[in-house]
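Every number for a ligand or one of its atoms is a count from 1 in the order of the listing. For this chain, numbers begin at 1 and follow the sequence in order. What you see is a predicted model, and the numbers here were worked out from it, not measured in a lab. Heavy atoms only: backbone and side chains are in, while hydrogens, waters and symmetry mates are out.
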Amino acid sequence: MILPILEFPDPRLRIKAKPVAEVNDAIRGLIADMLETMHEAQGIGLAATQVDRHIQLIVMDLSEAKDTPLVFINPVVTPLCEDKAPYDEGCLSVPGFYETVERPARVRVNALDRDGRAIELEADGLLAVCLQHEMDHLNGKLFVDHLSSLKRERIKKKLEKLHKQQA
Ligand code: QAP
Ligand code: CO
């Protein structure tokens with residue numbers, strides 16, 4: 001089932017996600033819906049916050065063929081180095097806008113997979129960027145919060161105008 005995606009500046013994108021208590025069939029159903037929603041929207045990452053579910057759950061698919069879903073439940077992301085790397089980021093909740101954000105270049109993630117098993121991996125490149133971007137969502141933060149207030153306000157005004165036209 002395709003779920004509606006909240007768009008900036010919707011205040012519900014600011015809600016902090018709570019841990020998933022039990023990885024059960026209800027969670028696996030939401031994971032399937034989030035993957036379907038992300039793929040249909042041509043995204044590479046989606047946090048539960050973006051579909052108005054305020055639990056610590058992230059889905060991603062960085063593969064060319066869109067056949068390698070990644071699932072992170074109750075993720076903890078730890079930077080592994082001091083140096084920052086820039087990346088031109090976008091977001092399904094900020095459609096049409098891309099800006100450069102700098103983040104730690106290497107991270108470790110500890111999480112549960114869709115079967116509730118503990119996973120740990122180290123990431124750099126796009127996976128490291130995506131993990132940190134999606135982790136921000138679970139904390140009520142958006143990539144536009146890393147930009148100057150001038151840039152952020154410009155994006156906000158343009159999206160608010162589009163939303164009024166759509167209403
Ligand atoms: C987060 O973003 C991300 O504006 C995932 O019109 C982005 O999937 C992590 C998208 C970049 C690392 C690098 C955005 C689709 C998808 C749009 C997305 C749009 C259509 C964004
Ligand atoms: Co996003």
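Under 4.0 angstrom from ligand 1, there are no non-hydrogen atoms of Leu46. Only the side chain of Glu134 comes within contact range of ligand 1, with a heavy atom under 4.0 Å; no backbone atom does.
Taking every heavy atom of both residues into account, Asp88 and Glu99 meet most closely at OD1-C, 3.3 Å. Residue Gly140 comes nearest to Asp145 through the heavy atom pair O-OD2, 4.5 Å, listed as atom of the first residue, atom of the second, then distance. Among all heavy-atom pairs drawn from Leu6 and Asp10, the shortest one is CD2-OD2, 3.8 Å. Listed here is the closest heavy atom pair of Leu138 and Ala47: CD2-CB, 4.0 Å. The minimum heavy-atom distance between Leu92 and Gly45, with the atom names listed, is CD1-O, 4.0 Å. The two atoms that bring Cys130 and Leu62 nearest to each other are SG-CD2, 4.2 Å, heavy atoms only.
Note on Leu3 and Ile55: same hydrophobic cluster, where clusters join Ile, Leu, Val, Met, Phe, Trp and Tyr whose side-chain heavy atoms are under 4.5 Å apart, directly or indirectly. Leu126 and Val101 fall into different hydrophobic clusters, where Ile, Leu, Val, Met, Phe, Trp and Tyr are joined by side-chain heavy atoms under 4.5 Å apart, directly or via other members.
Using a 4.5 Å heavy-atom threshold, the side chains of Arg28 and Val23 count as touching.
Between Asp83 and Arg103, none of the side-chain N atoms (NZ, or NE/NH1/NH2) sits under 4.0 Å from a carboxylate O, so this pair counts as no salt bridge. By the 4.0 Å N-to-carboxylate-O rule, Lys156 lies close enough to Glu153 to be salt-bridged with it.
Set against the non-hydrogen atoms of Leu126, the atoms of ligand 1 under 4.0 Å away are 12 (C), 13 (C). Close contacts between ligand 1 and Ala41 involve ligand atoms 15 (C) [criterion: under 4.0 Å to a heavy atom]. Near His133, the atoms of ligand 1 lying under 4.0 angstrom from a non-hydrogen atom of the residue are 1 (C). Within the listing of ligand 1, atoms 5 (C), 8 (O) sit less than 4.0 angstrom from a heavy atom of Gly45. Within the listing of ligand 1, atoms 9 (C) sit less than 4.0 angstrom from a heavy atom of Cys130. Here is the list of ligand 1 atoms found below 4.0 Å of a heavy atom in Gly43: 8 (O), 16 (C). Using a 4.0 Å cut-off to heavy atoms of Tyr87, the atoms of ligand 1 that qualify are 13 (C).
For Gln50 and Ser93, the side-chain atoms include at least one donor-acceptor pair closer than 3.5 Å. Side chains of Asp61 and Thr68: a donor-acceptor N/O pair is absent below 3.5 angstrom, by distance only.
Around the Co ion (ligand 2), protein N, O or S atoms at less than 2.8 Å comprise Cys91 SG, His133 NE2, His137 NE2.
In terms of protein heavy-atom proximity, atom 10 (C) of ligand 1 is closest to Leu92 CD2, 3.5 Å. The protein heavy-atom contact nearest to atom 12 (C) of ligand 1 is Val129 CG1, 3.6 Å. Nearest protein heavy-atom neighbour of atom 18 (C) of ligand 1: Ile44 N, 4.0 Å. In this structure, the protein non-hydrogen atom closest to atom 3 (C) of ligand 1 is Gly90 O, 3.8 Å. Scanning all protein heavy atoms for the shortest distance to atom 17 (C) of ligand 1 gives Tyr98 OH, 3.0 Å.
For ligand 1, one of its N or O atoms has an N or O atom of Gly96 under 3.5 Å away. Taking any N or O of Pro95, backbone or side chain, none lies under 3.5 Å from an N or O belonging to ligand 1.
With sequence neighbours left out, Leu70 forms a side-chain contact (heavy atoms from CB on, under 4.5 Å) with Met60, Phe72, Leu127.
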